[in-house]
Amino acid sequence: MPELPEVETVRRILHPVIVGQAIQGITLGTFPEVIGSTMEGLDPVALLIGQSFTDTSRRGKYLILHLDNGLYLIVHLRMTGRLLLVPWIDPPVRFQYVAIHLGNGLDLRFGDQRKFGRLTLSTPDDVTQLDRRLGPEPFASSLNASTLRDVLAKRPGKIKNALLDQGVIAGLGNIYVDEALYRARIHPERSSNTLALDELKRVLRAVRLVLNQSLARQGTTFSSFENPYGEQGTNASFLRAYGRASAGGLCLRCGAPMERIVVGGRGTTFCPRCQVNRIP
DNA sequence: CAATCAACCTGGGTGC
DNA sequence: TGCACCCAGGTTGATT
């Protein structure tokens, strides 16, 4: 479940190791479709070999690796994707589908138990379109309670669904939306367009807090997330909402039993006493 | 246009 | 012990 903090954790580790490195070769596994290109008829593997990584960036949950021919390798981990740094000579990791051999003797390996993640060789225009399609970054100064209210004004749907929509804010997933709404004391099924400015301020502050805290702990490992060195994030034990209903967990604020419902097809944990679905 | 939902996968868990 | 079934969730695309 890599969301913004997990993807950014991966990026920060990869950056100093891969930038400046040339791609000496690429070995594909049993699922070669995992790597593709937006340029019709062009083989992404052939185009990648010989290129060097010049920079890394991130937009929402997309990891963008910059190449010196002006193209980009865009990686999305989806749910169970992993990027690992290991020596060339190491045996394949579990569910490994791509090994990018770097000049420094390391491999950048991509593995994915569920085959949802993708590596896509992309043009500058693709990156521009991605940027346009996504909402603001959670930490963008252009994002505030007032601009959020404007975006949500025409959305009568549930606030949880709006926050999961990458076109509203980029980078949030199920875990951090539940955490943020819990901290902001907003019911996940509250109609987006009924939130008052001070409530949106609480939401935004909570979003930024939970993302920052998770970033400081190298992300949340609930089941499968690992950084490129195979290390787990340590944020899971600090979660206050996500996953706490199934264990009969109590609200850490008021002691009421946490509740689990389904919102937009996703498991949702909240405190029925602190997060009341009512317009103030 | 917005909301909803199936589809994509597979390991792990549950119930019988 | 085995087996059928369900669940987890990010994104896309079809449908309502």
*In whole Å, what is the span from the CD1 atom of A/Ile169 to the C1' atom of C/dG10?*
17 Å
*Base, sugar-phosphate alone, or nothing: which one does A/Gly265 contact when heavy atoms must sit under 4.0 Å apart?*
nothing
_Any A/His76 side-chain nitrogen or oxygen under 4.0 Å from OP1 or OP2 of C/dG10_ = no
_Would you say A/Gln166 places a side-chain N or O within less than 4.0 Å of OP1 or OP2 belonging to C/dG10?_
no
*Test item: A/Leu63 and A/Leu14 side chains (from C-beta on) under 4.5 Å apart, heavy atoms*: yes
*Base, sugar-phosphate alone, or nothing: which one does A/Asp112 contact when heavy atoms must sit under 4.0 Å apart?*
nothing
*If only side-chain N and O atoms of A/Asn174 are considered, is one of them under 4.0 Å from the OP1 or OP2 phosphate oxygen of C/dG10?*
no
*Among all residues two or more places apart in sequence or in another chain, which pass the ring-ring contact (aromatic ring centres under 6.0 Å, His included) test with A/Tyr176?*
none
*With rounding to whole Å, what would you report as the distance between B/dC9 and C/dC3 at their P atoms?*
25 Å
*Would you list the pairs meeting side-chain hydrogen bond (donor to acceptor under 3.5 Å, both in side chains) in which at least one residue belongs to residues 91-104 of chain A, sequence neighbours left out?*
A/Thr27-A/His101, A/Gln96-A/Arg109, A/His101-A/Asp107
*How would you label the contact of A/Gly267 with the nucleic acid (heavy atoms, under 4.0 Å): base, sugar-phosphate, or nothing?*
sugar-phosphate
*Can you name the side-chain hydrogen bond (donor to acceptor under 3.5 Å, both in side chains) partners of A/Arg149, sequence neighbours left out?*
none
*Using a cut-off of strictly less than 4.0 Å, decide whether A/Arg266 has a side-chain nitrogen or oxygen near OP1 or OP2 of C/dG10.*
yes
*To the nearest Å, how far apart are A/Lys160 NZ and B/dA2 C1'?*
19 Å
*Take the protein atom NZ of A/Lys158 and the nucleotide atom P of B/dA2, then report the distance between them rounded to whole Å.*
18 Å
*asked:* When you measure from the side-chain N and O atoms of A/Lys61 to the phosphate of C/dT11, is any distance below 4.0 Å, counting only OP1 and OP2?
replied: yes
*Scan residues 208-219 of chain A against DNA chain B and write down, sorted by residue number, each residue with any heavy atom closer than 4.0 Å; if none is found, say none.*
none
_Generate the contact string for nucleotides 7-13 of chain B. Rules: B means base contact, S means sugar-phosphate contact only, - means no protein heavy atom under 4.0 Å._
-BBBS--
*Taking the side chain as every heavy atom from C-beta outward, state whether A/Leu71 and A/Gln51 have any pair of such atoms under 4.5 Å apart.*
no
*State which residues pass side-chain contact (heavy atoms from CB on, under 4.5 Å) with A/Arg58; sequence neighbours excluded, sorted by chain then number.*
A/Leu4, A/Val7, A/Glu8, A/Arg11, A/Glu137
_Which Ile, Leu, Val, Met, Phe, Trp or Tyr residues join A/Ile89 in one cluster when any pair of side-chain heavy atoms under 4.5 Å counts as a link?_
none
*Give the dot-bracket string for DNA chain C, reading 5' to 3', where a pair is Watson-Crick or G-U wobble with both distances under 3.5 Å, ( ) marks pairs inside the strand, [ ] marks pairs crossing earlier ones, | marks a partner on another strand, and . marks unpaired.*
.|||||||.|||||||
_side-chain hydrogen bond (donor to acceptor under 3.5 Å, both in side chains) pairs, two or more places apart, involving residues 268-280 of chain A_ = A/Lys160-A/Thr268
For residues 116-125 of chain A, run the donor-acceptor check on the side chains, cut-off 3.5 Å, and write out each pair with its distance to 0.1 Å, sequence neighbours left out.
from, atom 1, to, atom 2, distance (Å)
A/Arg118, NH1, A/Lys115, O, 3.0
A/Ser122, OG, A/Thr120, O, 3.0
A/Thr123, OG1, A/Asp125, N, 3.4
A/Thr123, OG1, A/Asp126, N, 3.1
A/Thr123, OG1, A/Asp126, OD2, 3.1
A/Asp125, OD2, A/Gln129, NE2, 3.0

*Under the salt bridge (Lys or Arg N to Asp or Glu O under 4.0 Å) rule, what pairs show up with a residue in residues 208-226 of chain A, not counting sequence neighbours?*
A/Arg82-A/Glu226
*Take atom CG of A/Leu130 and atom P of C/dT11, then tell me their distance rounded to the nearest Å.*
10 Å
*How long is the line joining CG of A/Leu164 and C1' of C/dG10, in whole Å?*
9 Å
*Return the value, rounded to whole Å, for the distance between atom CG of A/Asn161 and atom P of B/dA2.*
14 Å
*Let me know the distance between CD of A/Glu3 and P of C/dG10, rounded to the nearest Å.*
5 Å
*Hydrophobic side-chain clustering at under 4.5 Å (ILVMFWY, transitive links): who's grouped with A/Ile74? Put none if nobody.*
A/Tyr62, A/Ile64, A/Tyr72, A/Val127, A/Leu130, A/Leu134
*Under 3.5 Å donor-acceptor, A/Glu179 side chain and A/Arg240 backbone*: yes
*Within this structure, what is the CG-to-C1' distance between A/Leu152 and B/dA2, rounded to whole angstrom?*
13 Å
